[in-house]
Amino acid sequence: MSATVSVEVTSPLGPQTVTLSHARAGRGEPLLLLHGIGHHRQAWDPVVDILATEREVIAVDLPGFGASPPLPDGLAHDLPTMNAALGALCEELGLGRPHVAGNSLGGLLALELGRERLVRSVTALSPAGFWTQAERRYAFGVLIGMRRVAERMPLPLVERLARCAAGRAALTSTIYARPGRRSPEAVVAETLALAGATGFAETLRAGTAVRFTEDVPGIPVTVAWGTRDRILVPRQGVRAKRIIPRARLVRLPGCGHVPMNDDPALVARVILDGSR
């Protein structure tokens with residue numbers, strides 16, 4: 001069931017209201033799910049039903065993505081603001097310190113929440129922030145290219161391409177290793193979500209100087225990387241392990257940058273094992 005909640009976040013202009021759309025399912029210890037840049041909470045749909053058998057799952061649309069409006073003037077799409085907004089969301093929903101799993105941008109945010117001790121455990125799937133400058137420029141270039149294509153493509157063409165496996169590959173093979181497994185409806189929805197992501201440019205701009213360089217002590221951390229990630233190359237997982245030495249580093253064979261659709265059973269098991 002989807003809903004919206006408004007929380008207050010401090011800014012140089014005083015308290016600002018941030019509205020976040022989210023969906024909840026299942027029973028058990030709370031598990032917060034955070035998507036990547038340009039995506040929406042439905043990126044987690046392939047694994048939600050599995051996770052919901054053992055966790056109360058809360059999938060969030062980040063500000064300026066999916067059904068969540070952009071941040072108000074005076075708030076930057078940076079890590080401190082995201083920490084504050086997501087921490088306030090957890091408090092408002094009565095989650096306490098939930099487990100958190102994130103993909104790409106969401107993985108970076110999950111690790112930041114862990115570093116601030118706002119969560120009980122972290123599972124980061126191909127998290128941002130462990131790149132070299134060259135790797136970051138490459139990833140940002142790919143993302144900007146995907147965004148421009150999504151913005152310029154007429155909806156009837158998107159719908160026509162999504163009806164066949166080859167068309168779904170043309171639209172989504174950058175993020176999925178097995179794009180043919182994605183449903184036509186999901187491909188259309190996420191293409192529209194990328195085109196309409198009001199927070200895209202500001203979030204990307206804020207990420208230009210981001211590097212994750214600190215350990216996340218005191219809580220369980222899992223870092224998982226798809227072997228066929230075409231945006232954030234898998235060697236970045238080795239760097240993450242060096243920076244977070246107690247983290248469990250997991251290889252996701254045959255998975256791309258957004259692995260939840262490529263191998264839902266494996267990804268769900270990694271998340272559940274990491275949130276015990």
Side-chain angles (χ1 to χ4, degrees), residues 1-9 15-72 75 77-114 116 118-125 127 185-186 189-190 192-194 196-200 202-203 258 260-261 264 267-268 271-272 274-275:
M1 182 174 65
S2 62
T4 58
V5 63
S6 295
V7 297
E8 272 198 357
V9 175
Q16 299 281 343
T17 299
V18 175
T19 300
L20 295 166
S21 179
H22 63 282
R24 301 177 80 159
R27 297 172 64 88
E29 295 180 355
L31 169 64
L32 192 66
L33 300 179
L34 307 175
H35 62 76
I37 188 170
H39 227 145
H40 55 176
R41 66 175 184 262
Q42 288 85 353
W44 296 98
D45 282 355
V47 298
V48 163
D49 286 347
I50 306 172
L51 297 174
T53 62
E54 300 186 38
R55 301 283 183 273
E56 181 188 17
V57 178
I58 305 95
V60 180
D61 279 326
L62 296 172
F65 299 98
S68 291
L71 291 173
L75 285 178
H77 284 259
D78 57 14
L79 296 178
T81 301
M82 292 299 106
N83 267 356
L86 292 170
L89 172 72
C90 292
E91 185 175 346
E92 181 69 22
L93 296 180
L95 305 181
R97 292 175 64 231
H99 304 283
V100 62
N103 173 226
S104 193
L105 167 65
L108 170 63
L109 297 177
L111 288 167
E112 281 289 322
L113 290 171
E116 294 290 334
L118 295 173
V119 294
R120 296 176 58 183
S121 72
V122 172
T123 302
L125 310 174
E185 297 78 15
E190 62 196 13
L192 294 176
L194 176 57
T198 55
F200 184 90
E202 289 298 325
T203 300
V258 182
M260 299 85 79
N261 186 74
V267 171
I271 294 172
L272 290 172
S275 61

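Just the heavy atoms: all of them, side chains too, but no hydrogens, waters or symmetry mates, feed the values below. Just so you know, residue 1 is the first one in the sequence shown, and it goes up from there.
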Heavy-atom closest contact ([X] atom, [Y] atom, distance):
X: Ala101; Y: Leu31; result: N-CD1, 4.0 Å
X: Gly36; Y: Ser104; result: CA-CB, 4.1 Å
X: Ala85; Y: Leu20; result: O-CD1, 4.1 Å
X: Pro264; Y: Pro46; result: CB-O, 3.5 Å
X: Leu111; Y: Pro127; result: CD1-CB, 4.0 Å
X: His39; Y: His35; result: O-CE1, 3.3 Å

Taking the side chain from [X] and the backbone from [Y], do they hold a donor-acceptor pair closer than 3.5 Å?
X: His99; Y: Ser275; answer: yes
X: Asn103; Y: Gly106; answer: no
X: Thr19; Y: Ser6; answer: no
X: Asp61; Y: Ala67; answer: yes

Decide side-chain contact (heavy atoms from CB on, under 4.5 Å) for Glu112 and Leu86; before the verdict, give the C-alpha distance in whole Å, the side-chain angles of both, and the deciding distance to 0.1 Å.
-> CA-CA 11 Å; Glu112 281 289 322; Leu86 292 170; over 6 Å; no
So Leu113 and Asn83, side-chain contact (heavy atoms from CB on, under 4.5 Å) or not? Walk me through it.
-> CA-CA 6 Å; Leu113 290 171; Asn83 267 356; 3.4 Å; yes
Report yes if the side chains of Glu56 and Arg24 come closer than 4.5 Å at any heavy-atom pair, otherwise no.
->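 When only atoms from C-beta onward are counted, Arg24 and Glu56 do touch, with a gap below 4.5 Å.
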Begin from the C-alpha positions of Glu202 and Leu75 and carry the test side-chain contact (heavy atoms from CB on, under 4.5 Å) through to its verdict.
-> CA-CA 11 Å; Glu202 289 298 325; Leu75 285 178; over 6 Å; no
Should Ile58 and Leu93 be marked as a side-chain contact (heavy atoms from CB on, under 4.5 Å) after you check the CA-CA gap, both sets of side-chain angles, and the distance that decides it?
-> CA-CA 10 Å; Ile58 305 95; Leu93 296 180; 4.1 Å; yes
